[in-house]
Asks: 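To start, I am sharing the structure in question, which I have written as structure tokens.
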Amino acid sequence: MGFNLKQYGIEVETIFRNSSVPVLYELGLRLEKGTAISDVGALMTYSGEKTGRSPKDKRVVKHPESENNIDWGNINIALEERVFMLNHERAIDYLNIKDHLYVVDAFAGWDPKYRLKVRIICTRAYHALFMQNMLIMPTEEELANFGEPDYVIFNAGGFKANSYTTGMTSKTSVDVSLERKEIVILGTEYAGEMKKGIFSIMNYLMPLEGVMPMHCSANVGEEGDVTILFGLSGTGKTTLSADPKRKLIGDDEHCWTDEGTFNIEGGCYAKAIDLSAEKEPDIFNAIKFGTVLENVVYDEATRAVDYTDVSITQNTRASYPINYIENAQIPCVAGQPKNIIFLTCDAFGVLPPVSKLTPEQASYHFISGYTAKVAGTEMGVTEPEATFSACFGAAFMMWHPNKYAELLAQKIKKQGVTAWLVNTGWTGGAYGVGSRMKLKYTRSMIDAIHNGSFENVEYVKDASFGFDIPTSCPEVPAEILVPENTWADKAAYNNTKGKLVSLFQKNFEQFAKGVNEEILAAGPKDLVDA
Ligand code: ATP
Ligand code: MN
């Protein structure tokens with residue numbers, strides 16, 4: 001009685017289930033175009049046309065059981081059950097014409113009380129190895145007793161959706177059914193879609209149990225003090241959570257329970273752009289046999305990766321099991337957070353590089369979820385673009401942001417957590433004039449949060465945001481701590497700041513009704529009346 005997938009209408013007989021890394025390497029190298037081994041043994045793969053997620057193509061089945069819980073809109077776009085089944089059948093039909101398939105049976109969530117049993121069914125060794133890195137792999141015994149999974153992902157990403165199907169706006173579709181407990185993927189081979197699909201499910205399920213799911217990284221100090229770092233893509237969650245002085249709990253997805261924190265994932269997914277041994281040694285050293293390197297460019301002869309080459313995409317990535325980071329906390333479970341850090345990459349250069357927030361300011365900024373994107377590579381475009389994404393990850397939230405904000409506020413209050421804002425973005429002027437904050441300085445500021453250096457320093461209040469800005473920090477020149485002092489052109493500083501404040505205010509209008517007055521009052525004020 002071999003393992004089979006007949007219960008899903010899949011008749012393919014050759015199934016590689018939780019295969020070893022070498023087996024997946026061999027299959028990938030033999031069958032998947034362009035796949036190669038890097039000079040340090042990582043598997044270099046291509047995700048094809050899509051080199052990032054496709055948020056506009058995500059759909060959620062509208063079903064009476066969950067309908068009233070979901071925050072319908074641009075992020076959670078409703079799909080009829082029947083249309084889900086059309087895509088589902090399309091995926092199954094595609095999977096059925098394959099000579100062999102891969103299955104990954106593994107867990108999401110390190111806390112056994114909340115863990116999900118997940119099954120991935122996919123057509124590429126690359127996808128299987130990626131998910132084996134990103135999920136928590138069962139032991140042999142756990143696999144023998146795995147039983148039926150809680151959720152199944154049918155990854156038929158190598159086959160496109162039919163754009164005439166009702167509700168499809170492209171040939172890519174990522175469809176979630178909370179009732180069938182399934183995700184169907186068509187028209188994208190970007191592996192991150194699977195990991196963030198499971199995260200979305202956790203974001204739905206956990207609040208039902210009073211647990212706070214979070215788009216954050218987390219690490220823990222020698223005294224057991226946990227820090228969680230929220231932030232949108234590119235703000236530094238992965239980079240800053242890898243800290244030789246602290247144990248890594250995880251780099252992207254966590255939950256906060258009454259008992260403490262746990263990582264949802266078993267691995268990390270680091271940006272590889274400009275990666276260097278000097279600046280990010282822990283991540284650099286995690287790239288070895290078993291690591292999946294996505295969409296990187298390498299030397300034909302030596303197979304050495306050029307991390308500065310972004311000709312395929314800016315979003316080059318490395319996926320590795322968390323134990324590839326030397327000081328990982330395994331199992332990835334720890335106590336209550338002591339510090340919460342909101343990371344933002346403020347390309348306007350007006351937010352302080354480090355500041356302390358009141359609990360109300362924390363709520364306000366959690367709901368706002370601000371970061372900025374620097375202009376693309378278009379010539380002459382130098383204006384940064386503000387992005388607001390509620391809960392620092394609106395794309396993955398299924399309930400209304402207030403649900404998560406309330407959970408966070410309760411937990412901050414109950415545990416007496418200190419909230420900080422760390423701007424990893426621009427200093428000395430906005431993008432185009434100033435420069436990005438040195439990673440070395442940001443690391444020193446985070447060290448100062450951890451070792452209590454900010455307990456006995458003087459603070460100044462930011463005039464419009466109201467944050468408490470420490471005026472000194474070990475290893476960091478004091479003049480960079482207050483943004484205004486770093487701008488040569490003070491009028492430009494005030495101007496830019498005013499612009500950012502009004503963007504915050506405008507964005508918050510949609511949330512104003514749902515939050516209490518204290519939170520509303522904790523937002524930034526116009527400079528004139530500040
Ligand atoms: P994602 O959610 O997409 O995984 P992330 O929050 O994990 O994003 P990182 O992968 O840590 O983001 O990316 C931060 C990038 O910014 C890295 O490439 C890092 O080298 C670079 N960087 C430059 N300066 C800083 C700084 N001062 N602090 C943090 N990161 C910096
Ligand atoms: Mn990351």
Side-chain angles (χ1 to χ4, degrees), residues 51-53 55 130 133-134 190-193 195-196 199 214-219 228-243 248-254 263-265 267-284 286-287 294-296 307-308 310 313-320 322 325 341-347 349 351-354 369-374 387 389 391-396 420-428 431 434-447 449 473 475-476 480-481 483 486:
T51 56
R53 284 181 304 102
F130 176 89
N133 284 347
M134 297 313 295
Y190 182 65
E193 214 67 79
K195 133 188 167 76
K196 282 292 179 10
F199 185 43
M214 307 177 291
H215 187 217
C216 70
S217 59
N219 61 24
I228 50 184
L229 301 102
F230 286 95
L232 288 162
S233 186
T235 56
K237 290 184 300 299
T238 300
T239 304
L240 298 168
S241 58
D243 179 339
L248 180 66
I249 305 170
D251 81 324
D252 200 53
E253 309 171 1
H254 294 81
N263 188 355
I264 293 174
E265 302 182 286
C268 301
Y269 194 33
K271 279 187 195 301
I273 184 173
D274 293 333
L275 190 65
S276 71
E278 300 71 48
K279 284 193 186 148
E280 297 174 63
D282 303 276
I283 295 172
F284 192 87
I287 297 175
E294 278 179 354
N295 300 319
V296 295
Y307 290 109
T308 64
V310 292
T313 175
Q314 298 248 340
N315 189 32
T316 54
R317 293 269 180 171
S319 145
Y320 46 84
I322 192 161
I325 294 285
I341 300 174
F342 296 134
L343 299 171
T344 184
C345 178
D346 175 28
L351 292 182
V354 60
Y370 165 72
T371 193
K373 285 191 193 122
V374 295
T387 313
S389 178
C391 315
F392 292 99
F396 323 115
W420 306 83
L421 183 80
V422 168
N423 174 13
T424 65
W426 266 249
T427 178
Y431 173 75
S435 56
R436 190 150 184 201
M437 182 59 59
K438 284 198 171 80
L439 182 52
K440 190 174 75 174
Y441 292 159
T442 302
R443 288 201 200 278
S444 298
M445 293 177 215
I446 289 178
D447 286 347
I449 291 173
C473 174
E475 319 288 333
V476 178
I480 70 160
L481 293 173
T486 69

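As the structure lists them, so they are numbered: ligands from 1, and atoms in each ligand from 1.
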Asks: May I ask you to check whether Y269 brings an N, O or S atom to under 2.8 Å from the Mn ion (ligand 2)?
Replies: no
Asks: Taking the side chain as C-beta and beyond, is there a heavy-atom pair between R317 and N295 under 4.5 Å?
Replies: no
Asks: I'd like to check which ligand 1 atoms, numbered from 1 as shown, lie under 4.0 Å from a non-hydrogen atom of K438.
Replies: 27 (N)
Asks: Can you list the ligand 1 atoms lying under 4.0 Å from a non-hydrogen atom of T239?
Replies: 9 (P), 11 (O), 13 (O), 14 (C), 17 (C), 19 (C)
Asks: Heavy-atom distance to atom 8 (O) of ligand 1: which of G236, G234, C268 wins?
Replies: G234
Asks: If you measure from each non-hydrogen atom of D252 to ligand 1, which part falls under 4.0 Å: side chain, backbone, both or neither?
Replies: side chain
Asks: Should the pair W426 and Y431 be assigned to parallel (<30°), tilted (30 to 60°) or perpendicular (>60°) ring geometry?
Replies: perpendicular
Asks: For D243 and D447, run side chain to side chain contact (heavy atoms under 4.5 Å, CB included): C-alpha distance rounded to whole Å, both residues' side-chain angles, the deciding distance at 0.1 Å, then the answer.
Replies: CA-CA 9 Å; D243 179 339; D447 286 347; 4.0 Å; yes
Asks: Just so I know, are the side chains of E280 and L439 near enough to count as touching, which here means a heavy-atom distance under 4.5 Å?
Replies: yes
Asks: Among protein heavy atoms, which sits nearest to atom 20 (O) of ligand 1, and what does the distance come to when rounded to 0.1 Å?
Replies: E280 OE2, 2.7 Å
Asks: Going by the order shown, which atoms of ligand 1 are within less than 4.0 Å of some heavy atom of L232?
Replies: 6 (O)
Asks: Salt-bridged, D252 to K196, with N to O below 4.0 Å?
Replies: yes
Asks: For atom 2 (O) of ligand 1, find the nearest protein heavy atom and state the residue, atom name and distance (0.1 Å precision).
Replies: K237 NZ, 2.7 Å
Asks: How close does the nearest protein non-hydrogen atom get to atom 29 (C) of ligand 1, and which residue and atom is it?
Replies: L439 CD1, 3.6 Å
Asks: Name the closest protein heavy atom to atom 3 (O) of ligand 1, giving the residue it belongs to and the distance to 0.1 Å.
Replies: S233 OG, 2.5 Å
Asks: Side chain to side chain contact (heavy atoms under 4.5 Å, CB included) for T313 and T316? Distances and angles first, verdict last.
Replies: CA-CA 6 Å; T313 175; T316 54; 4.2 Å; yes
Asks: Side chains of D346 and Y370: do they bring a donor and an acceptor to under 3.5 Å?
Replies: yes
Asks: Would you say M437 and ligand 1 have an N/O pair spaced under 3.5 Å apart?
Replies: yes
Asks: Using a 4.0 Å heavy-atom cut-off, say whether T235 meets ligand 1 through its side chain, its backbone, both or neither.
Replies: both
Asks: Do the ring planes of F396 and H215 sit parallel (below 30°), tilted (30 to 60°) or perpendicular (above 60°)?
Replies: perpendicular
Asks: Is there a side-chain contact between L229 and I446 (heavy atoms, below 4.5 Å)?
Replies: yes
Asks: Heavy-atom distances under 4.0 Å are what count here, so tell me which part of R436 touches ligand 1: side chain, backbone, both or neither.
Replies: side chain
Asks: Taking only heavy atoms of R317 into account, list the atoms of ligand 1 that are under 4.0 Å away from them.
Replies: 1 (P), 3 (O), 4 (O)
